[in-house]
Asks: 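Below you'll find the structure I mean.
For the numbers below, each heavy atom of this structure counts, side chains included, while hydrogens, waters and symmetry mates do not. Whatever order the structure lists them in is the order used to number ligands and atoms, beginning at 1.
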Amino acid sequence: TRTSRPQRILKAVQKNATKGDPESVISAIDHYCRHKEWAMNVGDDKGLILDSVLTEVNPSTALELGTYCGYSTVRIARLLSPGSKLITVEFNPAFAAVARQIIAYAGLQDKITLVEGPSGDLIPKMKERFGIKSFDFVFLDHWKDRYEPDTKLLEDCGLLKKGTVLLADNVICPGTPEYLKYVRNSPRYESRYYKSNLEYSKVEDGLEKSVFLG
Ligand SMILES: Cn1ncc2cc([C@H](O)c3cccc(CNC(=O)c4cc(-c5ccc(F)cc5)cc(O)c4O)c3)ccc21
Ligand SMILES: [Mg+2]
């Protein structure tokens, strides 16, 4: 049967990027998805905002919900300080298989733990399985109706601390209305919207940055 879109993205990385060079992996994916076929990576426009928030936070432990092909995983891990860790959660085995290869191609496998399974099951196991006390940074990019329940789950599991930064993709397109209502109305968060555009497109989209106040 035909290859999948993630497999074609992996092929584009293997063809056009340099092994061990995360910047070239990011560029190869962006070029492929802009000129050949669209894919739901955070992309280069919103990616610059992700980079700037990450540089500001400089997290020791980061969590990503929704790995897909590993584009934002590589984007995040390449900016982590030595000894810092990123845990990324993916429930779709085919996506996880491609992401592992793209992460390895970028040479970032030592900074990243990819865990397969649904976020709702894995979040309560973070402390016992990975010895996580709390996360400094969380990137939300999985099913849009899971952002709000998973944020509440992170709170209830004691995985957020005063100053933890949540950064949510797609708050306009496809949209995450319940999540936005929650973080913007809760006294426990200080939220700000970063206007941008949907990956590889002119449609408006943006990221919501929410600081947990404890
Ligand atoms: C529970 N759990 N735990 C882990 C976990 C992991 C996953 C998968 O990684 C996965 C699979 C399918 C869809 C998503 C969400 N992403 C999107 O739906 C999206 C859409 C668009 C867009 C925009 C405009 C369009 F016209 C079409 C699609 C642009 C974007 O940037 C997106 O992130 C995530 C799913 C549930 C999971
Ligand atoms: Mg997204």
Asks: Locate the shortest heavy-atom distance separating Leu159 from Lys133; write the atom from each residue and the value.
Replies: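 That would be CD2-O, 4.1 Å.
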
Asks: For Leu167, is there any backbone N or O sitting under 3.5 Å from a side-chain donor or acceptor partner on Ser210?
Replies: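 No, because the side chain of Ser210 does not come within donor-acceptor range (under 3.5 Å) of the backbone of Leu167.
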
Asks: What is the minimum heavy-atom distance between Ser119 and Arg146, and which atoms define it?
Replies: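 Smallest heavy-atom distance, with atoms named: OG-NE, 4.4 Å.
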
Asks: Which heavy atom of the protein is the closest neighbour of atom 15 (C) of ligand 1, given with residue, atom name and distance?
Replies: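 Looking only at protein heavy atoms, the one closest to atom 15 (C) of ligand 1 is His142 O, 3.2 Å.
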
Asks: For the Mg ion (ligand 2), which protein N/O/S atoms fall under 2.8 Å? Skip waters.
Replies: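 For the Mg ion (ligand 2), the protein N, O and S atoms that sit under 2.8 Å away are Asp141 OD1, Asp169 OD2, Asn170 OD1.
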
Asks: Within a distance under 4.0 Å of any heavy atom of Asn170, pick out the atoms of ligand 1 and give their elements.
Replies: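 Listed by number with element: 29 (C), 30 (C), 31 (O), 32 (C), 33 (O).
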
Asks: Just jot down the ligand 1 atoms closer than 4.0 angstrom to any heavy atom of Val89, in number order.
Replies: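 With Val89 as reference, the close atoms of ligand 1 come out as 4 (C).
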
Asks: What atoms in ligand 1 come closer than 4.0 Å to a heavy atom of Phe95?
Replies: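 By the 4.0 Å cutoff, the relevant atoms are 11 (C).
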
Asks: Among all protein heavy atoms in this structure, tell me which lies nearest to atom 3 (N) of ligand 1, with the distance rounded to 0.1 Å.
Replies: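 In this structure, atom 3 (N) of ligand 1 has Ser119 N, 3.0 Å as its nearest protein heavy atom.
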
Asks: With respect to Glu208, which candidate in Arg192, Arg184, Lys144 satisfies the salt bridge (charged side-chain N to carboxylate O under 4.0 Å, His left out) definition?
Replies: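 Testing each of Arg192, Arg184, Lys144 against Glu208, the sole residue satisfying salt bridge (charged side-chain N to carboxylate O under 4.0 Å, His left out) is Arg184.
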
Asks: Please report the shortest heavy-atom distance between Leu198 and Asp205, naming the atom on each side.
Replies: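 In this case the closest contact between Leu198 and Asp205 is N-CB, 3.4 Å.
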
Asks: Check whether the ring centres of Tyr32 and Trp38 lie less than 6.0 Å apart, and answer yes or no.
Replies: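 Distance test on ring centres: not under 6.0 Å, no.
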
Asks: Side chain or backbone of Asp169 under 4.0 Å from ligand 1, or both, or neither, by non-hydrogen atoms?
Replies: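 It is the side chain that touches ligand 1; the backbone stays farther off.
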
Asks: To which residues is Leu48 joined in a hydrophobic cluster, defined by side-chain heavy-atom contacts under 4.5 Å among Ile, Leu, Val, Met, Phe, Trp and Tyr, whether direct or through other members?
Replies: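 Joined to Leu48, directly or through intermediates: none.
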
Asks: To which protein heavy atom is atom 20 (C) of ligand 1 closest, and what is the distance rounded to 0.1 Å?
Replies: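 That would be Pro174 CG, 3.6 Å.
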
Asks: Which ligand 1 atoms, with their elements, are less than 4.0 angstrom from a heavy-atom of Gly66?
Replies: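 Heavy-atom distances to Gly66 below 4.0 Å select 6 (C), 9 (O).
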
Asks: State which residue, out of Lys125, Arg129, Glu90, fulfils the side-chain contact (heavy atoms from CB on, under 4.5 Å) condition with Val115.
Replies: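 Single side-chain contact (heavy atoms from CB on, under 4.5 Å) partner of Val115 among Lys125, Arg129, Glu90: Arg129.
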
Asks: Nearest non-hydrogen contact with atom 9 (O) of ligand 1 belongs to which option: Glu90, Lys144, Met40?
Replies: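 Closest candidate by heavy-atom distance is Glu90.
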
Asks: Under 4.0 Å from any heavy atom of Glu199, which atoms of ligand 1 are there?
Replies: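 The list of qualifying atoms is 29 (C), 30 (C), 31 (O).
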
Asks: Specify the protein heavy atom at minimum distance from atom 7 (C) of ligand 1: its residue, its atom name, and the distance to 0.1 Å.
Replies: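 Among all protein heavy atoms, the one nearest atom 7 (C) of ligand 1 is Phe91 CD2, 3.5 Å.
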
Asks: Relative to the heavy atoms of Pro118, which atoms of ligand 1 are at a distance of less than 4.0 Å?
Replies: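 Once the distances to Pro118 are compared, the set is 3 (N).
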
Asks: Please name the residue in the list Lys162, Lys161, Glu155 that meets the side-chain contact (heavy atoms from CB on, under 4.5 Å) test with Phe212.
Replies: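 It is Glu155, the one option of Lys162, Lys161, Glu155 that forms the side-chain contact (heavy atoms from CB on, under 4.5 Å) with Phe212.
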
Asks: Honestly curious: do Ile26 and Tyr68 fall in one hydrophobic cluster under the side-chain, below-4.5 Å linking rule?
Replies: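 Yes, because Ile26 and Tyr68 connect within a single hydrophobic cluster, where side-chain heavy atoms sit under 4.5 Å apart.
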
Asks: Under 4.0 Å from atom 26 (F) of ligand 1, is there any protein heavy atom?
Replies: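 No, no protein heavy atom sits under 4.0 Å from atom 26 (F) of ligand 1.
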
Asks: Please list the nearest protein heavy atom to atom 36 (C) of ligand 1 with its residue and the distance rounded to 0.1 Å.
Replies: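 Answer, as residue, atom name and distance: Trp143 CD2, 3.4 Å.
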
Asks: Under a heavy-atom criterion of less than 4.0 Å, does Trp38 contact ligand 1?
Replies: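 Yes, Trp38 has heavy atoms under 4.0 Å from ligand 1.
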
Asks: Please verify the inter-ring angle class for His31 with His35; under 30° counts as parallel, over 60° as perpendicular, anything in between as tilted.
Replies: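 Ring orientation, 0 to 90° scale: tilted.
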
Asks: At less than 4.0 angstrom from any non-hydrogen atom of Leu198, what atoms of ligand 1 do you find?
Replies: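 Checking each atom against Leu198, I get 23 (C), 24 (C).
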
Asks: Asp169 and salt bridge (charged side-chain N to carboxylate O under 4.0 Å, His left out): which single residue from Arg75, Lys46, Lys209 fits?
Replies: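 The residue from Arg75, Lys46, Lys209 that satisfies salt bridge (charged side-chain N to carboxylate O under 4.0 Å, His left out) with Asp169 turns out to be Lys46.
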
Asks: Do the rings of His142 and Tyr147 sit parallel, tilted or perpendicular, given the 30° and 60° boundaries?
Replies: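 Because their plane-to-plane angle is under 30°, the rings of His142 and Tyr147 count as parallel.
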
Asks: Can you name the closest pair of heavy atoms from Gly43 and Tyr200 and give their distance?
Replies: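 Answer, listing the atom of Gly43 first, then Tyr200: CA-OH, 3.8 Å.
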
Asks: Under 4.0 Å from any heavy atom of Asp141, which atoms of ligand 1 are there?
Replies: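 Atoms satisfying the 4.0 Å criterion: 15 (C), 16 (N), 33 (O).
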
